[in-house]
Amino acid sequence: MDLGPHAAFIWISYAAVTVTVTGLILWLIADGRKQAADLEALERQGVKRRSSSPGVR
Amino acid sequence: MKSFWALLHRDVTLAIREGGAIGTALGFFLVVVSLMPLGLGPDLNLLSRIAAGILWIALLLAALLSLNRIFEADHEDGTLDVLATGPLPLELVTAAKSLAHWVTTGIPLAIMAPVLGILLNLDLAAYPILVATTLVGTPAVSFLGAIGAALTMKTRRGGLLLALIVLPLYVPTLIFGISAVSAGAGPTGLAASFLILAAISLVTIVLGPLAAAAALKVHLQ
Amino acid sequence: MKSFWALLHRDVTLAIREGGAIGTALGFFLVVVSLMPLGLGPDLNLLSRIAAGILWIALLLAALLSLNRIFEADHEDGTLDVLATGPLPLELVTAAKSLAHWVTTGIPLAIMAPVLGILLNLDLAAYPILVATTLVGTPAVSFLGAIGAALTMKTRRGGLLLALIVLPLYVPTLIFGISAVSAGAGPTGLAASFLILAAISLVTIVLGPLAAAAALKVHLQ
Amino acid sequence: MQLIAEDLAIDRGARRVIDGLSFAVKAGEALLLTGANGAGKTTLLRTLAGYIRPFRGRVRLEGGDDELTVAEQAHVVGHTNAVKLSLSVAENAAFWNAYLDSGEDAELRVGTALRHFGLEDLSEFPAAYLSAGQKRRLGLARLLVARRPVWLLDEPTASLDTASSERLVAAVNDHTNSGGLAVIATHLPLALERARTLNLAAQKVPA
Amino acid sequence: MQLIAEDLAIDRGARRVIDGLSFAVKAGEALLLTGANGAGKTTLLRTLAGYIRPFRGRVRLEGGDDELTVAEQAHVVGHTNAVKLSLSVAENAAFWNAYLDSGEDAELRVGTALRHFGLEDLSEFPAAYLSAGQKRRLGLARLLVARRPVWLLDEPTASLDTASSERLVAAVNDHTNSGGLAVIATHLPLALERARTLNLAAQKVPA
Amino acid sequence: MQTLTQRLANPTRFMELSARLLPWISAGAVVLLAYGLYLAFFASPADYQQGETVRIMYIHVPCAWLSMMVYALIALSSFGLLVFRHPLADVSAKAAAPLGAAFTFLALLTGSLWGKPMWGTYWVWDARLTSVLILFFLYLGLIALRSALEDESAASKLTAILALVGVTILPIIKFSVDWWNTLHQPSTDFTSTVDPSMRLPLLVMAIAFTLLFFAMHLKAMRNEILRRRVKALRTQAVAGRDRLAAHGAE
Ligand code: HEM
Ligand SMILES: Nc1ncnc2c1ncn2[C@@H]1O[C@H](COP(=O)(O)OP(=O)(O)OP(=O)(O)O)[C@@H](O)[C@H]1O
Ligand SMILES: Nc1ncnc2c1ncn2[C@@H]1O[C@H](COP(=O)(O)OP(=O)(O)OP(=O)(O)O)[C@@H](O)[C@H]1O
Ligand SMILES: [Mg+2]
Ligand SMILES: [Mg+2]
């Protein structure tokens with residue numbers, strides 16, 4: 001595919017979007033795993049959630 | 001109303017005593033304006049072309065530096081707690097404090113601006129316009145700044161954060177303030193800029209105290 | 001020496017926690033640099049000519065805003081009293097605090113400067129020089145600023161006054177910092193500016209803490 | 001008139017500090033709050049003053065002015081003094097009078113307040129020159145500078161000398177005798193005429 | 001070892017606050033400073049610590065380390081706590097240990113200090129979350145975080161509850177028993193084992 | 001009978017619902033993205049004026065639209081938090097801010113990269129570009145303010161106030177293009193003048209990006225809810241110990 005004299009600009013644009021968006025997605029997945037693991041660890045320690053816990057409303 | 005005036009009077013007194021507000025603001029303005037040619041090179045044509053911009057930016061910075069602690073200091077020594085129990089709604093408290101800031105900083109800077117214009121080789125014809133636009137535009141600076149000061153009240157060392165939050169809000173004021181002076185274009189362009197500036201100031205005079213008071217209420221918890 | 005590192009470490013921690021120093025300084029830098037073209041007009045040729053000046057001035061302002069309370073906060077909560085009874089002479093206390101300021105503000109700003117250069121259409125060739133000069137020049141900014149911060153410690157609302165006192169002291173740094181970048185002239189001119197900048201920084205690293213400590217001693221009475 | 005707290009539950013930073021607390025303070029009465037450090041005295045006072053919104057329950061002033069909030073009918077003296085260091089002693093008092101009071105006899109009120117707390121000789125000094133106890137006295141002088149039926153005081157005797165503590169006790173007694181009410185957090189016994197004590201530690205919910 | 005004040009005259013803002021005062025505090029002894037608000041207790045303590053230069057007379061520590069000033073051998077706890085609100089309790093204590101102490105057993109010292117003042121359970125909390133008394137306790141914990149022979153304390157019990165005041169008294173007693181000395185300004189009687197009292201009001205020059 | 005918002009207000013319900021929705025939205029985003037990319041590169045012609053670089057449009061415009069839409073979402077959530085105290089509103093606002101900042105950044109970046117071949121420079125200071133830059137600053141301000149405050153519930157309300165104050169930027173981006181003299185060509189109503197062969201890929205890409213954003217937003221909200229649960233449990237654990245200690249001290 002020939003994208004003309006300005007191919008580099010096009011490729012960089014698409015690459016930047018790809019990198020940023022995949023970066024965000026990976027971060028979201030990693031963060032989700034970490035929170036889930038923390039929560040499970042705490043629950044295993046026997047800390048239970050109060051029904052009207054003020055932290056989560 | 002008596003409470004409003006008492007607060008305004010106290011804030012003006014404090015500004016004058018504590019920072020020597022007026023003198024210092026003018027001094028700062030002078031220093032920044034004279035630094036610019038050092039940074040930009042001494043080309044007089046260039047300077048006079050961008051004079052309005054420099055004056056407005058210096059003005060915004062002077063306001064920023066003096067806004068910093070208008071709520072924080074009252075919070076630290078417990079004054080804010082007591083002000084909140086007073087007969088004045090918090091919206092008027094923030095209005096009085098913003099107004100005090102405008103009186104002690106906005107007005108002196110607006111009057112000083114043309115004097116510094118000389119240093120920048122500003123076109124003589126622009127002087128009256130400059131005073132008028134800065135007088136009309138600076139209320140927006142004080143009242144918008146008060147929102148930022150209220151939001152960042154509890155972040156110790158909030159200076160930079162305040163600037164980060166408030167400077168983007170200043171952009172419209174800056175743009176129309178400058179275009180009024182530098183356009184010099186037609187009288188219609190001038191009048192338009194001027195009216196928009198006045199409109200921005202009016203809107204912020206109404207909305208600024210509301211937003212600032214809302215922020216203070218959150219902090220007082 | 002252990003005390004020195006402890007103090008340095010604490011100050012860096014505080015700067016990061018309280019203001020989110022690094023992020024906020026960069027944000028502020030970005031905002032000021034982009035305000036300038038709004039104020040000065042969007043002429044790209046003009047901008048690239050004065051880019052170095054704008055970057056240096058914005059850098060000085062970021063430093064000023066973050067210097068503000070480095071001693072005042074310690075004084076208000078009584079920390080300074082205790083620091084003064086420590087094994088570290090007051091001169092090293094001020095040195096540690098200035099150094100912490102340089103680490104949390106000077107270095108990030110120096111690294112950020114070229115990125116912002118893009119917005120100002122700065123000449124590509126100037127980038128390495130820009131990083132080098134800002135890295136070499138910013139210690140002077142932090143250490144001179146500390147003198148001003150110490151002098152104005154007890155003036156509540158010292159921001160403006162500090163700026164008024166310190167900005168004139170910054171003039172040599174500013175001039176050589178800019179000329180190193182914008183000259184681009186011969187390599188000799190560049191080398192000269194660079195050396196002078198380094199010399200200024202070295203001198204202030206030695207003298208700044210002494211002067212600041214002397215000011216603090218007066219305040220502690 | 002009576003200040004009523006109903007079934008209060010108060011959170012501080014995601015922790016329940018006070019739970020299920022109810023009490024009433026009648027006009028003419030003072031309630032002393034006691035309890036260990038961190039028991040929640042300050043938290044409770046700030047809730048009464050309306051700064052903190054309780055998680056559950058409510059605070060109301062029966063027989064007060066219904067158009068005003070509790071805070072607007074109360075003097076609140078917290079751990080800090082609300083004193084501006086660069087104003088003189090007299091200016092500080094006069095400002096609070098002008099701000100809080102709508103009465104006419106401003107000078108008289110300010111003069112009486114300063115005299116009561118032994119500050120008349122210092123009235124021209126900037127507050128920055130005051131000693132810790134003198135600053136506290138200036139903070140307390142606010143109580144007499146404007147009339148308000150409810151006094152909420154947080155450790156008012158901190159750093160006061162014996163004579164000044166007695167002046168404060170006299171001021172509270174005057175206040176309750178003339179139909180006011182007060183809630184006072186304190187670690188020291190105060191020789192008030194009509195006071196009940198509420199120990200917050202005893203109210204604590206088990207973890 | 002003994003802390004000696006010789007014929008002190010101290011000015012504060014053009015007023016002579018203390019005149020012709022001499023005393024000595026021996027190792028193993030505590031001196032309680034009393035006197036009305038504004039008598040000059042804080043002024044005297046700050047002079048002993050070397051912040052204020054006396055108009056006349058001098059302060060010296062006999063038998064101390066001659067290479068160090070009095071201040072460098074003293075713990076000073078003033079009206080303020082020297083606590084950083086955005087650091088945690090443990091971080092605050094650890095910083096003062098690292099800054100003031102050159103010993104090796106840092107963790108042990110910090111742990112003991114926090115435990116002594118009942119702060120071990122709060123150690124992970126930012127100091128901003130502490131109540132007034134808890135902050136004061138953190139300020140006092142500094143005394144145990146590094147060893148120094150001289151303690152200069154300004155109203156240390158302000159806003160402490162009874163239990164904490166007793167812990168403080170115990171700390172001072174330990175200190176004097178192990179050869180330290182202390183000068184303590186206070187409005188309340190402290191049940192120290194070996195204490196003399198110096199009433200500053202009695203020393204006052206007639207106006 | 002509960003209204004939908006009331007049912008959604010319960011974080012537990014939200015977690016259940018979002019767990020069911022998330023795979024579908026993600027799948028839709030992936031499919032549309034693939035189709036859109038195919039259209040963008042293979043099934044659409046080069047512009048007669050702009051040449052091949054017009055293909056940057058298919059990512060630039062969706063990013064630019066998202067940058068504004070996300071801010072509107074944040075402002076709406078902020079309103080919900082301040083006025084209705086909707087329990088999920090703050091979670092939504094907090095989760096959206098970094099995503100919005102990222103898309104704004106991408107709009108700026110792809111715009112600059114398009115600007116170089118088109119206008120001969122990466123950046124001009126015209127009204128649209130400048131107002132998007134200010135939008136980016138607003139995002140930064142929201143993130144910085146939230147991270148500078150220790151007390152989380154205060155932080156969320158304060159950021160909400162700032163978000164509502166800043167919402168005035170949206171009409172400015174949209175409408176005021178002729179503030180001061182500029183190198184930029186005057187803005188045209190692109191959607192009506194554009195050739196249908198380009199309109200389809202643009203539309204598909206725009207929908208794909210929107211779905212992508214919503215997928216990420218849902219995931220970020222779920223993470224945030226979990227984070228808050230963890231934090232509540234932690235303080236609860238510490239508080240339990242402290243309470244016992246307070247009893248001991250009595
Ligand atoms: C950093 C630089 C740029 C920024 C921040 C920017 C920003 C934006 C924004 C916010 C929109 C959406 C506007 C709306 O929906 O009303 C937009 C749309 C658009 N932009 Fe850009 N842009 C930039 C550079 C460019 C360049 C260089 C070109 C092409 C020469 C371009 C062409 C377009 C087109 C064709 C649209 C669609 C317009 C429409 O649908 O109304 N942009 N841009
Ligand atoms: N910076 C100052 N400038 C001028 N005068 C001062 C200053 N600080 C204190 N004074 C005055 O010096 C006197 C002694 O003050 P000092 O703080 O030593 O009293 P104190 O005994 O500690 O009182 P307190 O029990 O209230 O703490 C007071 O009359 C005070 O007004
Ligand atoms: N801003 C805050 N965030 C989180 N927790 C807090 C905050 N302020 C106070 N707390 C906690 O709430 C509890 C009650 O504090 P409060 O200040 O009401 O105590 P107090 O009874 O006034 O104590 P003191 O006698 O020391 O003044 C304490 O355990 C404290 O750690
Ligand atoms: Mg308390
Ligand atoms: Mg004292």
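Worth saying up front: this structure is predicted, and the values here are computed from it rather than measured. We name chains A, B, ... by the order of the sequence lines, and we start the count at 1 in each one.
- Both the backbone and the side chain of C:Leu35 come within contact range of chain B, with heavy atoms under 4.5 Å apart.
- Screening residues 168-178 of chain B for salt bridge (charged side-chain N to carboxylate O under 4.0 Å, His left out), with sequence neighbours left out, gives no hits.
- In terms of non-hydrogen atom pairs under 4.5 Å with chain C, the most contact-rich of B:Ser34, B:Ala62, B:Ala51 is B:Ala62.
- With sequence neighbours excluded, the residues forming a salt bridge (Lys or Arg N to Asp or Glu O under 4.0 Å) with C:Lys97 are C:Asp11, C:Asp74, listed by chain and number.
- Heavy atoms of other residues, nucleotides or ligands lying less than 6.0 angstrom from NE2 of C:His9 number 12 at most.
- Heavy atoms of B:Leu61 lying under 4.5 Å from chain C belong exclusively to its side chain.
- Judged by distance alone, the side chains of C:Ser179 and C:Ser193 do bring a donor and an acceptor atom under 3.5 Å apart.
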